[in-house]
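To keep things clear, I will list the structure first and then write my remarks on it.
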Protein chains: 2
Amino acid sequence: MTGQVRTVDGRVAGRRGQATRQKLLDCLGEMLSSSPYRDVKVIDVARKAGTSPATFYQYFPDVEGAVLEIAEEMAKEGAGLTELVSGRSWVGKAAWQTSEELVDGFLDFWRRHDAILRVVDLGAAEGDKRFYKIRMKILNSVTNSLTDAVKELQAKGKVDKEVSAAAMAGSLVAMLAAVAGHQKGFTTWGVKQAELKPNLALLVHLGITGKKPVR
Amino acid sequence: MTGQVRTVDGRVAGRRGQATRQKLLDCLGEMLSSSPYRDVKVIDVARKAGTSPATFYQYFPDVEGAVLEIAEEMAKEGAGLTELVSGRSWVGKAAWQTSEELVDGFLDFWRRHDAILRVVDLGAAEGDKRFYKIRMKILNSVTNSLTDAVKELQAKGKVDKEVSAAAMAGSLVAMLAAVAGHQKGFTTWGVKQAELKPNLALLVHLGITGKKPVR
DNA sequence: ACTTGTCCTGTCATGCCGTCAGCTTACCGA
DNA sequence: TCGGTAAGCTGACGGCATGACAGGACAAGT
């Protein structure tokens, strides 16, 4: 199902080819974190990878194509974020811990993939379906788990029926993603990382359970 | 203090010049909403405005410079968002109305300036101080008002002292901005606009007052 | 050594960028 | 009415990234 890695013109890539390809991806990833997406040029990536622009075009149709590749890879890892929610308890003290761990895990993931997520976000916001799909893939894993959590609490009568589970989960996840994407921004605002996390956890807790947390 | 409008090489722009300049800005704005930022070319903007690329460079150092201009304009309007919070009540039924109106006003503003805000967001996320400053200008107006609201409630003993007012306000505003930026996304997710807004308002209410709303 | 298929690069046409000199247009005072 | 002056615009150009191709370099098997 994975299919072999192929060049643009259809050849299958061998050991050496795959190495080159990977090197190009790595260099592109680095470039994205050090300079604006708009200014990333194929020639720079190629130079950095110690090869030529022509080689780049053997493996990717354009810069965007390569970015999608990196993003896809990241999305696979992102699917693991489900673990932060599924099977956790949303009752009593455990709920507070769940909230905290969710926030921690989420922010950490975002910080690790900072640069590429920015580009994915932009692509998605601009309406590009491919980027949108990737963003979905990452966020869905968390959103769906959270949606289930809310529905479960609703079934037990612990949360108002009026609340739209999906909208609530989606909003919270969007918040986490946004804050994560502007972490640097908050510091300039005079908000320290240390106070940010508990507040996010508090909002998550409030949103999901509708109650103040018991710590 | 406003200073006259000047060309890149220092001449003051007259009536005709200002008109051309404005036309270029308008066309750039349109282009941004119809095609990805990365693909916006000076030549396209110029053609659309019925002029030549050289003319564009008379008025703006580059595409980014022009975008900043548009963004600055929008930021002025955005300062008015303060009205959505300052002087409003966060007690009882009034609090729920305040929340709803804040969400409404915010989402509306974002929808109106959709395209340009996307670019500003990207620029800010990439660490460009100029874009960051503009984003601040818009969000600060709301964030500061919200921060004050929380502090006031804390002074009255209605909200826990532990809560960091700034972090809470910042997180909520980031959430609103994020959701607003991906409004289309939510619909694909099976979440309707109609259920989104009340949920956001609920989260805002919960975050600021720490309590469930009285409707 | 020879063949085969993979892999890389030199080169080229194309098109956009950003700049300049120089032409046209509008305004203003005499 | 008529220059003079500054504003406004554009054609043209060097420079650079893009993307396509053909041919050379390389590894592996025979």
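Quick note: numbers below take in every heavy atom, side chains included, and nothing from hydrogens, waters or symmetry partners. Residue numbering restarts at 1 for every chain, and letters A, B, ... go by the order of the sequence lines.
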Give a yes or no on whether a salt bridge exists between B:Arg47 and B:Asp44, defined as a side-chain N under 4.0 angstrom from a carboxylate O.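 Counted as a salt bridge, because a side-chain N and a carboxylate O are separated by less than 4.0 Å.
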
State whether B:Asp114 and B:Arg118 are salt-bridged, where the test is any N-O pair (Lys NZ or Arg NE/NH1/NH2 against Asp/Glu carboxylate O) under 4.0 Å.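 Yes.
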
Taking atom [atom2] of [N] as reference, at what distance in whole Å does atom [atom1] of [X] sit?
X       : N      : atom1 : atom2 : result
A:Gln58 : D:dG23 : CD    : C1'   : 13 Å
A:Gln18 : C:dC8  : CD    : P     : 11 Å
B:Asp62 : C:dT19 : CG    : C1'   : 14 Å
B:Arg21 : D:dA7  : CZ    : P     : 15 Å
B:Lys41 : D:dC16 : NZ    : C1'   : 13 Å
B:Asp9  : C:dG18 : CG    : C1'   : 14 Å
B:Ile43 : D:dA17 : CD1   : C1'   : 15 Å
A:Phe60 : D:dA20 : CZ    : P     : 15 Å

Rounding to 0.5 Å, atoms CD (A:Glu72) and CZ (A:Arg130) come to a distance of 10.5 Å

From B:Leu25 CG over to B:Gln18 CD, what is the distance, rounded to the nearest 0.5 angstrom?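 Going from CG on B:Leu25 over to CD on B:Gln18, the span is 11.0 Å.
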
Which part of the nucleic acid does A:Arg47 contact within heavy-atom distance under 4.0 Å: base, sugar-phosphate only, or nothing?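 Nothing, no heavy atom under 4.0 Å.
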
Report which part of the nucleic acid A:Arg16 touches: base, sugar-phosphate, or nothing (heavy-atom distance under 4.0 Å, all strands).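 Since only primed, P, OP1 and OP2 atoms lie under 4.0 Å of A:Arg16, the category is sugar-phosphate.
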
Start at the 5' end of DNA chain D and walk down; is the nucleotide closest to B:Gly17 or to A:Ala54 reached first? B:Gly17

For [N] and [X] - does any side-chain N or O of the residue sit under 4.0 Å from the phosphate oxygens OP1/OP2?
X       : N      : answer
B:Thr55 : D:dT10 : yes
B:Thr20 : D:dC9  : yes
A:Tyr59 : C:dC8  : yes
A:Arg15 : D:dA28 : yes
B:Thr51 : D:dT10 : yes
B:Tyr57 : C:dT19 : no

Regarding B:Gln58 and B:Arg11, is there a side-chain donor-to-acceptor distance under 3.5 Å anywhere? yes

Earlier contact from the 5' end, DNA chain C, for B:Pro53 and A:Ser52: A:Ser52

